[in-house]
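Here is the structure we will look at.
These numbers were taken from a predicted model, which means no experiment stands behind them.
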Amino acid sequence: MMKKIIPFLLVLFWASSCDVLDQVPQSNFTPDNFYKNVDDALAAVNSVYDPMNSPDMYNQVMWIIQDQATDDSEWGGGRSTANQAKNDLDKYTFTPATSTFQSAWSNAFKAINRANTVLERVPAVQMDAALQARLLAETKFMRGFYYFTLVRLFGGVPLILKETTSLNDLQAPRASAEEVYAQVIKDFTEAEAILPASYTGADRGRATKGAATAFLAKVYLTRQEWAKAAQKAKEVIDSGVYDLWANYSEAFLIANKNGKEAVFEMQALGGGFGEGSWMQGYMRPNFDRVNNISGFGDDPVTKNLYDTYSAADKRRNVNIKLYSSTTTPAAPASVDFPGYVYKYLDASATANGEGSNNFPIIRYADVLLMYAEALNEQAAGNAEAFKAVNRIRTRAGLPELAASLSQADFREAVLLERRLELAFEGHRWYDLVRTKRLVSAMKAQNPTIVVSEKNYLLPIPQTERDVNPNLTQNPEF
């Protein structure tokens, strides 16, 4: 997709001659002299996408938050506890000082400030009007995406909608969660009206109309606005742009990136360009060598999740690989359960951070499950809800749900299907939080964990509160 670009504010080259230092610099970029042509505008919009791909966000940190803090993945036990942040997330011993939260917060706001700058500067660039409108819509989509990430993790956060030009702008108070959600909906809605249904060539992977609509469905589902969630999910379904692959495994093939099941993905390009995916390295076992690479063993799978799959479920062996002496070295005694995340392994990668796997942020299967859930919450026995879930179950090799299921039983069936279908795609923590099942699920996984309702939000990073006294902390942190 888009190539990563250099920052706008370049470091000045210092020379040994005082005469050189006295000269007016000619080559450094500032917001005032950068936004001059279409190439500048494209580069600026690409820079808004860029933090999403950072190891400090969706290329590592977000998997840690979204998986490590759930019943699908664990850390510790016999394993090394040297990585304290991951261990603390798994055991719910984290604090406002846990570095993971600072990484997610700062990268999201870095992207938001870039988006605000684009939205203020690009309208003045002389360029094709249709392209300009599309770029501004992409930027609104991405701003909505980052704010949606923040509000789900932390609740209300500073709502900054203008370019930050002064240090005095950095001490904004928290807006309410309602105010943040209102802006998220506004950004996605305005983007949806302009964005194209699809792209070709190097532009594949950019935000589309379907992605904006799918995110609106997810926002409304999170807020339990069931009719709106169902409507938006159905618009994605009726668009005809997306479909399920015949086989579950096809959704994760590198050859199928940005394919028919992909609604929005974090883009990755291996090959030594510094734009690869860290998933295949971090989730690869730290004693399993492929192409002479040993991984880091992150996101070790729980026995709880593995046992939740039936033996007939075709998704189990795609998502999870068991160690064995015939396929990988036998699991060491320090491994609590001999399974690791397999769906993102790039066997062709030559370095841990150079996998070519995209990370699926929203797949079409997710849209179908959102549609089913939203319909069921409005009325039991909806035939369209059963049809949507059964498409996914049939592909997985499982029988269709019984049409006699009650509304409560269907609700549980959909949540279970989300866990099995979307494993390690960053949805489990949010699903447990929005359905108020986080405490019971984590206690079932590990009765020793001290988890409570305060954990439905993460703590505001202490480093942010140190520099911004107007930031209040979430309750009980």
Side-chain angles (χ1 to χ4, degrees), residues 1-2 44-54 57-58 62 66 104-120 122-123 132-164 172 174-197 199 205-223 225 228-229 231-233 235-236 262-267 359-363 366-367 370 426-427 430 434:
M1 191 189 82
M2 305 142 285
V45 174
N46 287 353
S47 79
V48 179
Y49 286 90
D50 191 55
M52 175 179 65
N53 297 50
S54 166
M57 206 169 188
Y58 274 85
M62 292 306 296
Q66 296 165 163
W105 178 288
S106 61
N107 270 271
F109 273 109
K110 175 169 65 177
I112 287 166
N113 189 52
R114 291 180 181 180
N116 291 338
T117 303
V118 167
L119 292 172
E120 291 192 19
V122 167
Q132 184 181 63
R134 192 203 85 193
L135 292 178
L136 294 173
E138 286 184 62
T139 304
K140 289 180 180 179
F141 171 92
M142 290 306 301
R143 185 172 67 179
F145 168 79
Y146 291 116
Y147 265 124
F148 185 41
T149 299
L150 287 168
V151 73
R152 288 196 291 170
L153 294 177
F154 300 106
V157 296
L159 190 57
I160 302 169
L161 304 176
K162 296 291 184 180
E163 177 185 359
T164 299
R174 296 174 69 180
S176 69
E178 285 297 315
E179 291 170 323
V180 178
Y181 272 116
Q183 184 60 46
V184 168
I185 292 169
K186 183 175 186 291
D187 277 345
F188 283 143
T189 300
E190 291 180 1
E192 178 190 40
I194 301 296
L195 290 172
Y199 298 89
R206 290 182 178 274
T208 62
K209 176 181 176 66
T213 308
F215 266 104
L216 281 168
K218 191 168 286 290
V219 171
Y220 290 131
L221 194 82
T222 301
R223 293 170 55 80
E225 297 182 55
K228 291 180 179 179
Q231 174 191 334
K232 286 300 175 184
E235 287 176 18
V236 177
V263 179
F264 190 63
E265 299 186 328
M266 183 204 82
Q267 304 296 303
F359 182 72
I361 296 175
I362 291 189
R363 277 196 296 119
D366 184 11
V367 175
M370 288 194 289
H427 300 282
Y430 300 116
R434 69 182 178 80

Qualifying residues under salt bridge (charged side-chain N to carboxylate O under 4.0 Å, His left out), relative to Lys162, sequence neighbours excluded: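 Expected list: none.
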Arg134: partners by salt bridge (charged side-chain N to carboxylate O under 4.0 Å, His left out), with sequence neighbours left out: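 Counting only residues at least two positions away or on another chain, Arg134 forms a salt bridge (charged side-chain N to carboxylate O under 4.0 Å, His left out) with Glu138.
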For the student: nearest non-hydrogen atoms of [X] and [Y], plus distance:
X	Y	value
Arg363	Val263	C-CG2, 3.9 Å
Leu195	Thr208	CD1-O, 3.4 Å
Ala217	Ala233	CB-N, 3.7 Å
Ala177	Gly155	CB-C, 4.4 Å
Ala104	Met62	CB-SD, 4.1 Å
Leu221	Ala229	N-CB, 3.7 Å

State the [atom1]-[atom2] distance between [X] and [Y], to the nearest 0.5 angstrom.
X	Y	atom1	atom2	answer
Phe141	Phe264	CZ	CZ	4.5 Å
Thr222	Met370	OG1	CE	8.5 Å
Met142	Ile112	CE	CD1	10.0 Å
Leu216	Gln231	CG	CD	10.0 Å
Ser47	Lys110	OG	NZ	10.0 Å
Lys140	Ile194	NZ	CD1	8.0 Å

Aromatic ring pairing Tyr58/Phe145, orientation class (parallel under 30°, perpendicular over 60°, tilted between):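 Tilted, since the angle between the ring planes falls between 30° and 60°.
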Modelled atom types, side-chain donor and acceptor of Glu120 and Asn116, under 3.5 Å: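 Not at all, the side chains of Glu120 and Asn116 share no donor-acceptor pair under 3.5 Å.
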Distance-only polar pair, side chains of Asn46 and Arg114, donor-acceptor under 3.5 Å: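 No donor-acceptor contact under 3.5 Å links the two side chains.
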Working for side chain to side chain contact (heavy atoms under 4.5 Å, CB included), residues Asp187 and Phe148: CA-CA 10 Å; Asp187 277 345; Phe148 185 41; over 6 Å; no
Listed partners of [X] passing side-chain contact (heavy atoms from CB on, under 4.5 Å), at least two apart:
X	result
Pro123	Leu136
Ala115	Val48, Thr139, Arg143
Thr213	Glu192, Lys209, Lys232, Glu235, Val236
Ala175	Leu159, Glu179, Val180

Glu265 side chain vs Gly205 backbone, donor-acceptor pair below 3.5 Å: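 No, Glu265 side chain to Gly205 backbone: no donor-acceptor pair under 3.5 Å.
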Polar side-chain atom of Tyr147 near backbone of Ala108 as donor-acceptor pair, under 3.5 Å: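 Here the side-chain-to-backbone pair does not exist.
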Intermediate values then yes/no, side chain to side chain contact (heavy atoms under 4.5 Å, CB included), His427 and Lys218: CA-CA 11 Å; His427 300 282; Lys218 191 168 286 290; 3.6 Å; yes
Side chain proximity check, Val219 to Ile185, heavy atoms < 4.5 angstrom: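 Val219 reaches Ile185 side chain to side chain.
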Intermediate values then yes/no, side chain to side chain contact (heavy atoms under 4.5 Å, CB included), Val157 and Trp105: CA-CA 10 Å; Val157 296; Trp105 178 288; 3.8 Å; yes
